[in-house]
Structure formats: C-alpha cells, structure tokens
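Take this structure, written in structure tokens, and hold onto it; I'll ask about it next.
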Amino acid sequence: MSKIPFRVSPMLATLVDQPFSKKNWVFEEKYDGIRMLAYKDAQKTSLISRNRIDRTLRYPHIANELSKLEADTLLLDGEIVIFDANHVSQFQLLQQSKGTPHYAVFDCLFADGRDLRREPLSVRRKALERFVTSGSVIQIAGRLADDGIAAFRVAMRRGLEGVVGKNSSAVYTEGRSNAWLKVKIQQKEEFVVGGFTAPEGNRLHFGALLLGEFHNHKLQYVGKVGTGFNDEILDLLHHKMKRLAQKASPFASAVNEKSTTYVSPQLVAQVSFTERTKSGKLRHPVYLGLRDDKTSREVNR
C-alpha cells in the first residue's frame with residue numbers, strides 16, 4: 001500500500017492592513033472555518049487539524065468523499081466550513097453545527113507518490129484541479145479576480161471575511177509566510193478567555209467573558225463579550241470554565257469588573273468586533289464560538 005512518507009504543519013498567511021495587487025499573485029476567498037489537512041493513503045483518509053488532532057470521526061462524510069478520489073496517495077490543504085444562504089462561510093454555523101460541513105481545498109502537497117511541496121503554487125494548483133473536482137461536499141477554493149484590488153471589491157460585495165493573496169511562484173513552507181498575505185474585511189479574531197462576570201437578570205451561568213491576548217508573553221486584557229450566547233452555549237461554556245477556575249487573575253493588566261471569576265487561560269474564543277479603541281479594547285464584540293484547533297499561547301497581539 002502506498003503511503004505519504006511525511007506529516008506537515010500548514011502554511012499560514014501573514015496579515016496585512018490594506019488590499020494590494022502584485023504581479024504573478026493570485027487572490028482567493030478567505031474562509032471562516034477550521035484549517036484541515038487531508039491525508040489519503042489508498043482508501044484510508046485522515047483529517048488532521050493544524051494542532052495535529054485527528055478529526056476524521058467528526059467529519060465522516062468528508063472523509064468518505066475524499067476516499068473516492070482517484071489518486072492512490074493525496075495530501076490536500078483546505079478548510080472545513082459551513083456556508084450560509086449566500087454561500088459565505090460562517091464559523092458560528094460550524095461551531096453550532098447548523099448546516100452541512102464542506103471541505104474547501106486550496107492546495108495539493110502530495111499526489112500519486114510525488115512530493116509537490118517544492119513545486120511552485122501554480123504547479124500545485126494544477127495537480128489539485130487534476131485530482132479534485134468541486135462537488136456537493138468538496139470544493140476547490142475560488143479565485144476572486146486576477147487583480148488584488150478588484151478581488152477585495154468582490155469580497156466586500158459578497159460579504160466575505162477577507163482575501164488571501166498568494167505568490168504563484170512560491171513553494172509550500174510550514175508556518176507563517178510572506179508568500180501568502182491575508183487582508184480582512186470583517187474583524188474576527190481569537191482571544192483567550194481569562195474569566196467571566198456574574199449573570200444579571202434572567203441570564204444563566206455568567207454575564208460576559210473576559211478576554212485577553214498575549215503581548216511579550218503576558219496576557220493583556222482587551223475587554224469583555226456578553227453577546228452571541230444562547231442557553232446551550234452558556235451552559236457549555238460555564239461547565240468548561242468551572243473546571244479552570246482560579247483565585248488569581250491571569251491578566252497582567254487591570255480588569256475593572258465587579259463579581260469576577262478568573263480562570264486558567266486555556267480556552268480560545270473567536271469573536272467579531274467593529275474596531276479597537278486607542279487603548280486596544282474591543283468595540284461591539286460578539287462571541288462566535290470556541291476554537292479547539294489553536295492553543296492559547298498562539299493568541300498574540
């Protein structure tokens with residue numbers, strides 16, 4: 001039986017502030033989901049998250065579709081997503097299991113015994129299109145436009161999270177790279193949960209989550225989020241946080257909140273917000289869900 005002789009960590013895009021256009025670059029939709037590497041060794045398929053957790057059993061229908069692909073060996077890079085009615089990926093839908101998960105594939109690192117990591121993206125894309133055809137469950141990441149500025153306008157018009165620009169000549173390298181650059185339209189980021197406030201009125205379990213991010217190895221407080229929860233989410237989060245409760249604040253900066261319970265900074269929440277204040281605090285934050293594919297120490301300003 002043929003096997004892929006290596007395991008990889010995914011290539012990550014670097015965030016930039018403004019849309020751009022560069023010669024020999026391509027521009028793709030930025031998906032709002034969970035990064036996933038798919039390994040196909042003959043009929044055995046594994047879905048591995050960016051922190052190397054096997055998620056095959058969580059998405060059996062995707063693994064089954066991948067096993068039907070004709071290549072004997074295949075290593076794909078993509079994102080597990082759920083689309084809304086406008087075909088826009090929404091992490092909140094994935095977190096709440098509202099809809100059918102799809103696998104949006106944007107790279108091919110190994111195919112039929114051939115290691116493609118040192119080949120340029122243009123070659124890897126052709127291999128991807130040779131072995132994968134967009135279907136009901138698996139789809140190839142769409143290119144928005146040849147020009148980066150035009151691609152950004154398309155993304156804005158469609159309500160996408162952002163755009164990822166990629167150098168067509170670049171090889172695949174593990175970790176953060178300047179050969180892939182992402183521009184966000186919607187402000188969505190991960191933050192560490194460092195505690196919670198007491199509930200008020202008819203709210204169950206807690207009022208708001210206290211959020212932070214690491215800066216110079218210290219957890220800095222960035223504000224609280226009190227919207228985006230239903231009763232089921234409140235119950236689930238409270239159960240997880242009770243086990244992490246501690247007396248001391250995990251934050252290096254001051255938290256001026258009453259009736260606060262602090263927790264060990266292990267949970268990572270994805271949050272949308274409109275902007276940051278000059279002091280770095282979040283404005284109008286909304287809770288979207290927990291991420292189990294990232295550790296709290298990865299959440300840096």
Side-chain angles (χ1 to χ4, degrees), residues 15 32-34 49-51 53 82 84 89-98 161-162 184-301:
L15 180 66
D32 189 14
I34 297 176
S49 68
R50 59 176 286 183
N51 54 345
I53 297 176
I82 290 181
D84 64 15
S89 58
Q90 301 285 358
F91 178 76
Q92 197 167 20
L93 296 177
L94 190 63
Q95 176 73 23
Q96 298 175 10
S97 300
K98 293 183 177 179
E161 187 191 13
K184 289 187 177 181
I185 296 170
Q186 301 179 27
Q187 294 280 7
K188 295 180 182 178
E189 293 184 22
E190 293 85 32
F191 298 97
V192 179
V193 178
F196 57 92
T197 62
E200 296 181 357
N202 295 325
R203 172 66 70 88
L204 300 172
H205 302 307
F206 65 88
L209 301 179
L210 306 178
L211 304 175
E213 60 190 358
F214 284 98
H215 183 59
N216 294 330
H217 306 290
K218 294 182 179 180
L219 188 64
Q220 303 294 333
Y221 181 62
V222 298
K224 61 182 180 179
V225 57
T227 58
F229 310 106
N230 57 28
D231 289 347
E232 182 181 356
I233 295 172
L234 288 168
D235 184 63
L236 174 65
L237 282 173
H238 188 247
H239 179 73
K240 288 179 177 291
M241 291 189 295
K242 278 196 306 183
R243 295 180 296 172
L244 300 174
Q246 62 182 39
K247 290 185 177 181
S249 170
F251 299 103
S253 50
V255 178
N256 298 316
E257 295 291 340
K258 297 179 180 179
S259 302
T260 295
T261 300
Y262 293 113
V263 301
S264 176
Q266 298 181 35
L267 300 177
V268 177
Q270 181 155 327
V271 175
S272 67
F273 57 97
T274 56
E275 62 181 347
R276 289 181 186 247
T277 66
K278 290 182 179 180
S279 62
K281 299 297 189 296
L282 308 180
R283 288 178 57 84
H284 310 118
V286 177
Y287 173 83
L288 300 179
L290 286 181
R291 300 209 68 113
D292 60 5
D293 59 334
K294 296 184 180 180
T295 66
S296 59
R297 282 290 172 179
E298 291 182 81
V299 181
N300 291 281
R301 183 177 300 177

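Keep in mind the model is a prediction, meaning the values are calculated, not measured. The figures here come from the full heavy-atom set of this structure, side chains too, leaving out hydrogens, waters and symmetry mates.
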Show the nearest heavy-atom pair for residues Lys247 and Tyr262, with the distance to one decimal.
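What the structure gives for the nearest pair is O-CD1, 3.7 Å.
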
Over all atoms of both residues, closest heavy-atom pair of Ser89 and Asp32:
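Looks like OG-N, 2.9 Å.
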
If you count the non-hydrogen atoms of other residues, nucleotides and ligands that lie under 6.0 Å from CD in Glu232, is the total more than 12?
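No - once you tally the heavy atoms of other residues, nucleotides and ligands closer than 6.0 Å, there are 12 at most.
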
How far does CG of Asn256 sit from OH of Tyr221, to the nearest 0.5 angstrom?
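Result: 8.5 Å between the selected atoms.
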
Can you check side chain to side chain contact (heavy atoms under 4.5 Å, CB included) on Asp84 and Leu93, steps first, answer last?
CA-CA 8 Å; Asp84 64 15; Leu93 296 177; 3.9 Å; yes

Mind listing the closest non-hydrogen atom pair of Phe229 and Leu237 along with its distance?
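It is CE2-CD1, 3.6 Å.
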
Between the side chain of Ser264 and the main-chain N/O of Gln266, is any donor-acceptor distance below 3.5 Å?
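The answer is no, because no donor-acceptor pair under 3.5 Å joins these two groups.
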
Geometric cation-pi criterion Arg291 and Phe191, 6.0 Å radius, 45° cone
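Relative to the ring axis of Phe191, which defines the angle, Arg291 lies outside at least one limit.
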
Presence of salt bridge, Glu298 and Arg50, under 4.0 angstrom
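A salt bridge is present here (some side-chain N lies under 4.0 Å from a carboxylate O).
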
Quick one: closest heavy-atom pair of Ser296 and Val192, and the distance?
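Minimum heavy-atom contact is O-CG2, 3.6 Å.
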
Shortest non-hydrogen separation from Val271 to Pro285 and the atoms involved
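Taking Val271 first and Pro285 second, the nearest heavy atoms are CG1-CB, 3.7 Å.
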
Do NZ/NE/NH1/NH2 and the carboxylate oxygens of Glu213 and Lys218 come within less than 4.0 Å?
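Looking at Lys218 together with Glu213, the answer is no, because their closest N to O distance does not fall below 4.0 Å.
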
May I ask you to check whether Asn230 and Gln96 show a side-chain donor-acceptor distance below 3.5 Å?
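Judged by distance alone, the side chains do not pair up.
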
salt_bridge(Glu161, Lys188) N-O dist < 4.0 Å:
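A salt bridge is absent here (no side-chain N lies under 4.0 Å from a carboxylate O).
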
Separation of Glu190 CD from Thr295 OG1 (nearest 0.5 Å)
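Interatomic distance, Thr295 OG1 to Glu190 CD, rounded to 0.5 Å: 11.0 Å.
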
So Val222 and Arg276, do their side chains get closer than 4.5 Å, heavy atoms only?
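Yes, their side chains come closer than 4.5 Å.
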
Student check: side-chain heavy atoms of Leu209 and Leu211 closer than 4.5 Å:
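When only atoms from C-beta onward are counted, Leu211 and Leu209 do touch, with a gap below 4.5 Å.
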
Quick check: do Gln95 and Leu290 have side-chain heavy atoms less than 4.5 Å from each other?
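SC-SC contact between Gln95 and Leu290 confirmed.
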
Thr197 vs Ser259, test: side chain to side chain contact (heavy atoms under 4.5 Å, CB included). Steps then yes/no.
CA-CA 6 Å; Thr197 62; Ser259 302; 5.8 Å; no

Measuring only between side-chain heavy atoms, which start at C-beta, is Leu234 closer than 4.5 Å to Arg203?
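They are in contact (side-chain heavy atoms under 4.5 Å apart), so the answer is yes.
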
I want to check something: taking the side chain as every heavy atom from C-beta on, are Phe214 and Arg297 in contact at a cut-off of under 4.5 Å?
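The answer is yes, as the side chains (C-beta and beyond) meet within the 4.5 Å cut-off.
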
For a 4.5 angstrom cut-off between non-hydrogen side-chain atoms, does Leu210 reach Phe196?
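In short, these two side chains do not touch, never coming nearer than 4.5 Å.
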
Do the side-chain N and O atoms of Asp235 and His205 include a donor-acceptor pair separated by under 3.5 angstrom?
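Yes, because at least one side-chain N or O of Asp235 sits under 3.5 Å from a partner of the opposite role on His205.
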
Just one of Arg283, Gln187, His284 clears the side-chain hydrogen bond (donor to acceptor under 3.5 Å, both in side chains) bar with Glu275, so which one?
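Among Arg283, Gln187, His284, the one meeting side-chain hydrogen bond (donor to acceptor under 3.5 Å, both in side chains) with Glu275 is Arg283.
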
Taking all non-hydrogen atoms of both residues, which atom of Ala269 and which atom of Tyr287 are closest, and how far apart?
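Closest pair (atom of Ala269, atom of Tyr287, distance): CB-CE1, 3.9 Å.
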
Just wondering, are more than 12 heavy atoms of other shown residues or ligands nearer than 6.0 Å to CD in Gln246?
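Result for CD/Gln246: enclosed.
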
Below 4.5 Å, heavy atoms only, C-beta onward: do Phe91 and Ile34 meet side chain to side chain?
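Result yes, sub-4.5 Å side-chain heavy-atom pair found.
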
Do Met241 and Val193 come close enough that some side-chain heavy atom pair is under 4.5 Å?
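Met241 reaches Val193 side chain to side chain.
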
Just by modelled atom types, is the Asp292 backbone N or O under 3.5 Å from a matching donor or acceptor in the Asn51 side chain?
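Such a contact is found between Asn51 side chain and Asp292 backbone.
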
